Amino acid sequence: MILTQELQVILFKSQGSIDLEGGKALSEQMAGVVPQAHQLWVIDLAEVNFMDSSGLVPLVKGLKAARQSGCRLVLCNVQAPVRLILELTQLDSVFEIFPTYEDIFTAKNNSLVLAD
């Protein structure tokens, strides 16, 4: 798990599997960041090749915490097995999902607001 903080963008890069164990690691990483209004939380799933239902818990909890704090949480680089889980649970309509990290900042009609 790699965590970087730059300006008001918080990037979480998970690796391997987000199952019960991997989900706990992601939850701990996210709990270690104090959400502030106008932050952008990005969960990069490029290196995640498996997710089960227990892996959805940290994503949903993170989204709830972000929204309550006035943050925006998005997913990017979602691989096919993970996308399937999101689609089966209809969470693909709840999360903002971008093909790449760069697309988050270049998407048309992007309502991204970052604080200085």
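Everything numeric here is computed off the predicted structure, so don't read it as measured data.
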- Gln15 side-chain N/O to Lys13 backbone N/O, donor-acceptor pair under 3.5 Å: no

- Query: Looking at side-chain heavy atoms only, is the closest gap between Phe98 and Val74 below 4.5 Å?
  - Reply: yes

- Message: Suppose clustering is done on Ile, Leu, Val, Met, Phe, Trp and Tyr with side-chain heavy atoms closer than 4.5 Å. Which residues sit in the same group as Leu84?
- Response: Leu88

- Message: Membership question, hydrophobic clusters at under 4.5 Å side-chain separation (ILVMFWY): are Ile43 and Phe50 in the same one?
- Response: no

- Is any side-chain heavy atom of Ile10 less than 4.5 Å from a side-chain heavy atom of Leu40? no

- Message: On a heavy-atom basis, which atom in Ala46 and which in Asp44 lie closest, and how many Å separate them?
- Response: N-OD1, 3.0 Å

- Item | Beyond-backbone contact of Leu73 with Phe12, side-chain heavy atoms, under 4.5 angstrom | no

- Query: Mind checking whether Val60 and Val82 sit in one hydrophobic cluster, side chains of I, L, V, M, F, W, Y counted as touching below 4.5 Å?
  - Reply: yes

- State whether the side chain of Ser93 and the backbone N or O of Gln90 hold a donor-acceptor pair below 3.5 Å, judged by distance alone. yes

- Item | Trp41 CH2 to Leu11 CG distance, which is reported to the nearest 0.5 Å | 12.5 Å

- Step-by-step side chain to side chain contact (heavy atoms under 4.5 Å, CB included) determination, Arg83 to Ile97: CA-CA 10 Å; Arg83 183 173 289 279; Ile97 302 174; 3.3 Å; yes

- Message: For Leu63 versus Val94, what's the shortest heavy-atom pair and its separation?
- Response: CD2-CG1, 3.5 Å

- Message: If you define the side chain from C-beta out and look only at heavy atoms, does anything of Ser27 sit under 4.5 Å from Val57?
- Response: no

- Of the non-hydrogen atoms in Gln79 and Val48, which two are nearest, and what is the gap between them? CG-O, 3.4 Å

- Note on the structure: Residue set satisfying side-chain hydrogen bond (donor to acceptor under 3.5 Å, both in side chains) with Ser54, at least two apart, ordered chain then number -> Asp52

- Query: Is any side-chain heavy atom of Leu59 closer than 4.5 Å to a side-chain heavy atom of Leu91?
  - Reply: no

- Query: Looking at OG1 of Thr100 and CD of Glu102, how far apart are the two atoms once the value is rounded to the nearest 0.5 Å?
  - Reply: 4.5 Å

- Task: Go through Ser17 and Asn49 one step at a time and tell me if the side chain to side chain contact (heavy atoms under 4.5 Å, CB included) criterion holds.
- Result: CA-CA 6 Å; Ser17 298; Asn49 52 19; 3.9 Å; yes

- Query: Just wondering, do Val78 and Leu75 contact through their side chains at under 4.5 Å, heavy atoms?
  - Reply: yes

- Item | Residues Val42, Cys76; criterion side chain to side chain contact (heavy atoms under 4.5 Å, CB included); working and verdict | CA-CA 7 Å; Val42 178; Cys76 67; 3.8 Å; yes

- Message: Within the structure provided, determine whether Gln39 and Gln8 are in side-chain contact (heavy-atom separation under 4.5 Å).
- Response: yes

- Identify the two heavy atoms, one from Cys71 and one from Gln36, that lie closest to each other, and give their separation to 0.1 Å. SG-O, 3.0 Å

- Task: Measure the shortest side-chain to side-chain distance between Arg72 and Arg67 over non-hydrogen atoms and say whether it is less than 4.5 angstrom.
- Result: no

- Task: Please check if the side chain of Glu28 supplies one atom and the backbone of Ala25 the other of a donor-acceptor pair under 3.5 Å.
- Result: no

